[in-house]
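Worksheet: one structure, shown below.
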Amino acid sequence: MRTHYCGELSAALVDRSVTLCGWAHRRRDHGGVIFIDLRDREGLAQVVCDPDRAEAFQAAERVRNEFVLRVSGKVRRRPEGTVNPELRSGEVEVLAHEVEILNAAAPLPFQLDDENLSEITRLTHRVLDLRREPMQKNLRLRYRVAMAVRDYLDAHGFIDIETPMLTRSTPEGARDYLVPSRVHPGEFYALPQSPQLFKQLLMVAGFDRYYQIVRCFRDEDLRADRQPEFTQIDIETSFLGERAIQELMEGLIRGVFRDVLGVDLPDPFARLSYAEVIARYGSDKPDLRVPLELTELTDLMKSVDFKVFRQAADLTAGRVAALRVPAELTRKEIDDYAQFVATYGAKGLAYLKVNPEGLQSPIVKFLPENVLKEIVARTGAQAGDVIFFGADKAKIVNDSLGALRVRLGQDKGLVEKGWRALWVVDFPMFEWDEEGKRWSAMHHPFTSPKDGHEERLAADPGKALAKGYDLVLNGWEIGGGSVRIHRAEVQSKVFKALGISEEEAKAKFGFLLENLQYGAPPHGGIAFGLDRLVALMAGAESIRDVIAFPKTQRAQDLLVQAPSPVDEKQLRELGLRLREKPKA
């Protein structure tokens, strides 16, 4: 039905006859001559309809925004002074010979060029939202990223293998989405949180380089970078160690940025241990574009009388840390930042102002002169700086000061331009679950301990390190992976450390444990969040802006009104009955 896309028109086509199809983006009547900006996926083309061609002109008079049109005509240069350098087709226009209305459009609920749309409006009318240029651009970017990933992995010997969508429920950290079985009443499938177990089984099966761009499902609370269904670039390989896997994956991410954005990322990526990033940045996904760092003061505060600092320093898992800010702050700003860190559990935000005439703060009188001098020396503070303090359980200090570090960097214009990638390595095997009073896996229960750390699994689980690694880019975790456990006896030790009995392990993971006995190779891999990666590359604030049909923060699809009730007959077929809602 067409010879060219609108955005493909150029001066090279002058005097050529073309046929275009698309939507009427805008219609303008200029004293008897009608101009239509025709839009398709490649861009806009200006169509000129004059009264000399009566049929085309009469059709153009009936055109309204978003009518679907087919236009035939001749390409000509735009008159001098009317060239639009913002458009790919901005040097030329099409003099219409024929204008055919393929379909009319009802009045729109919003104008496509409205930049102040609420997200509820956008998601309710997602089909129209997807017509807008930013969304068209984002989804085309997503496609190009996926293609670049496939090209790289194909060139390095990986093959794409699908794994099941209907599988069994296994404890992997988040709630499963369950699917009732009609054929087996009272039994359920689970939608996969990731293909973790299946990709390990593929390694045992001898497919030593696997990948899949795959949907995953987690029933968890949502935020800007989470969705109940999301897309992973899932990768697994055999006979490669931690460093080799990381170097191969660096090549992937570096290639994607080069091919899609024309950006050269650093080579190699920075690499820091988990312990070091927590100590310096308070976060295991630090934004290295922010030049601020935390300073350790716990040892210094064990000798002071100031109760707030001393008590935190004496806690088994306590920490006192400082954050130097090279900027002058008003009292109101300091109070606002105190409210900000309170959302992370901090009970307050002590500070020191470093003035030319001396230190200013309500806490100065509580700290000895030698301690104050040491604080200034350790932080490297200069006149005009402010030093913030965190003193509490280490997690609260890390969470609050880590978040404050990023907030201050953004507020004070300290964020450096560009891309900063970081491998975070040497994660702990386990973290203590305060509520459950037990150890839980930091990554997942199939992560291999560091060589020589197997004995710590029973003797001192908190000190066992893992062959786990995350890739962080500009403060976003875009990928996480590990070398897996390939020996059944080591897997059993990890289950024991996690409080999983032999019976429970066999019931939940028996198929994995059995197959690990049949000559499982050393293997490991990684999963990248495609949604997060594309959102970063697009400069989007939320991954919802790079997903065609996303859910809201309440896990609802406003376009199709899902989730929705089902009728009683369907429930009966599945052997299900809903409990009555409690009366108010």
Side-chain angles (χ1 to χ4, degrees), residues 2 4-10 18 20-31 33-49 59-71 73 75 78-79 81-96 99-144 224 261 534-550 552 557-559:
R2 61 183 165 199
H4 296 80
Y5 283 103
C6 297
E8 293 176 340
L9 300 188
S10 68
V18 297
L20 308 175
C21 292
W23 287 264
H25 186 67
R26 194 176 292 107
R27 175 188 174 279
R28 309 183 304 280
D29 192 335
H30 286 189
V33 177
I34 295 174
F35 293 84
I36 297 172
D37 291 336
L38 193 65
R39 186 191 73 246
D40 61 22
R41 73 177 202 182
E42 298 296 333
L44 295 173
Q46 180 168 283
V47 176
V48 182
C49 307
E61 286 184 311
R62 300 198 305 274
V63 169
R64 296 294 179 268
N65 283 3
E66 298 307 304
F67 274 33
V68 185
L69 308 180
R70 181 172 182 264
V71 175
V75 179
R78 292 197 187 193
T82 64
V83 170
N84 185 348
E86 301 297 321
L87 294 181
R88 290 167 58 191
S89 64
E91 290 184 87
V92 298
E93 60 191 16
V94 176
L95 178 61
V99 175
E100 181 183 357
I101 297 175
L102 299 175
N103 205 353
L108 303 184
F110 58 85
Q111 295 304 309
L112 299 192
D113 56 2
D114 187 346
E115 297 181 356
N116 297 309
L117 296 172
S118 72
E119 189 170 59
I120 290 177
T121 298
R122 291 178 54 205
L123 295 183
T124 301
H125 303 283
R126 188 60 162 186
V127 175
L128 294 178
D129 185 43
L130 289 174
R131 285 189 192 173
R132 300 187 313 118
E133 183 183 6
M135 291 304 302
Q136 293 266 321
K137 183 178 177 182
N138 286 353
L139 291 189
R140 288 167 69 83
L141 172 67
R142 184 185 177 106
Y143 161 75
R144 288 165 59 209
L261 295 185
V534 177
L536 262 175
M537 296 174 76
E541 292 184 3
S542 165
I543 62 172
R544 290 190 288 277
D545 285 336
V546 299
I547 299 172
F549 300 105
T552 66
D557 185 329
L558 300 182
L559 176 68

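FYI, the numbering just counts along the sequence from 1. Side chains are part of it too, since the values below use all heavy atoms of this structure and drop only hydrogens, waters and symmetry mates.
- The shortest non-hydrogen separation linking Phe67 to Ala104 is CZ-CB, 3.7 Å.
- Closest non-hydrogen pair, Gly7 versus Asp40, comes out as N-OD1, 4.0 Å.
- From Phe549, atom CZ reaches atom CG of Asp557 across 8.5 Å, with rounding to the nearest 0.5 Å.
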(request) Kindly determine whether Gln46 and Arg26 satisfy side-chain contact (heavy atoms from CB on, under 4.5 Å), including the steps that lead there. (result) CA-CA 10 Å; Gln46 180 168 283; Arg26 194 176 292 107; over 6 Å; no

(request) Show your reasoning for whether side-chain contact (heavy atoms from CB on, under 4.5 Å) applies to Leu559 and Val127. (result) CA-CA 8 Å; Leu559 176 68; Val127 175; 4.3 Å; yes

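- Residues Ile101 and Leu69 have side chains in contact (heavy-atom distance under 4.5 Å, counting atoms from C-beta outward).
- Comment: Arg39 does not engage Glu133 in a salt bridge, judged by the lack of any side-chain N to carboxylate O separation of less than 4.0 angstrom.
- Within the 4.5 Å cutoff, no side-chain heavy atoms of His4 are placed close to those of Val75.
- The pair Asp114-Arg132 does not meet the salt-bridge criterion, since no charged nitrogen lies less than 4.0 angstrom from a carboxylate oxygen.
- Nearest approach of Arg142 to Val546, heavy atoms of both residues: NH1-O, 3.0 Å.
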(request) Apply side-chain contact (heavy atoms from CB on, under 4.5 Å) to the pair Val48 and Phe35, showing each step before the final yes or no. (result) CA-CA 5 Å; Val48 182; Phe35 293 84; 3.7 Å; yes

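- Note that CG of Leu38 and CG of Leu44 are 8.5 Å apart. Values are rounded to the nearest 0.5 Å.
- Arg70 places no side-chain N or O within donor-acceptor distance of the main-chain N or O of Arg2, the cut-off being under 3.5 Å.
- For the residue pair Asn138 and Ala538, the shortest heavy atom distance occurs at OD1-CB, 3.6 Å.
- For the residue pair Ile36 and Ala24, the shortest heavy atom distance occurs at CG2-CB, 4.2 Å.
- Using a 4.5 Å cut-off on side-chain heavy atoms (C-beta onward), Thr552 and Glu119 make no contact.
- One distance of note links CG of Leu261 with CE of Met537; it measures 3.5 Å at 0.5 Å rounding.
- Side-chain contact between Arg64 and Arg27 is present, with heavy atoms from C-beta onward closer than 4.5 Å.
- Rounding to the nearest 0.5 Å gives a distance of 8.0 Å between NE2 of His25 and CG of Asn65.
- Crowding of Glu91 atom CD: a count of heavy atoms from other residues, nucleotides or ligands under 6.0 Å not exceeding 12.
- Taking 4.5 Å as the limit, some side-chain heavy atom of Pro79 sits within range of a side-chain heavy atom of Glu93.
- Residues Val534 and Leu139 have side chains not in contact (no heavy-atom distance under 4.5 Å, counting atoms from C-beta outward).
- For the residue pair Cys49 and Ala60, the shortest heavy atom distance occurs at SG-CB, 3.7 Å.
- With hydrogens and angles disregarded, a donor-acceptor distance shorter than 3.5 Å links the side chain of Arg126 to the backbone of Ala548.
- Under a 3.5 Å cut-off, the side chain of Gln136 and the backbone N or O of Leu130 do form a donor-acceptor pair.
- Looking at Leu108 and His125, their side chains never come closer than 4.5 Å, going by heavy atoms from C-beta outward.
- Between the CG atom of Asn116 and the CD atom of Gln111 there is a distance of 13.0 Å, given to the nearest 0.5 Å.
- Proximity of a side-chain donor or acceptor of Arg88 to a complementary backbone N or O of Glu42 within less than 3.5 Å is detected.
- Here the side chain of Thr124 pairs no donor or acceptor atom with the backbone of Leu558 at under 3.5 angstrom.
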(request) Quick one: do Leu123 and Asp129 satisfy side-chain contact (heavy atoms from CB on, under 4.5 Å)? Show the steps, please. (result) CA-CA 8 Å; Leu123 295 183; Asp129 185 43; 5.5 Å; no

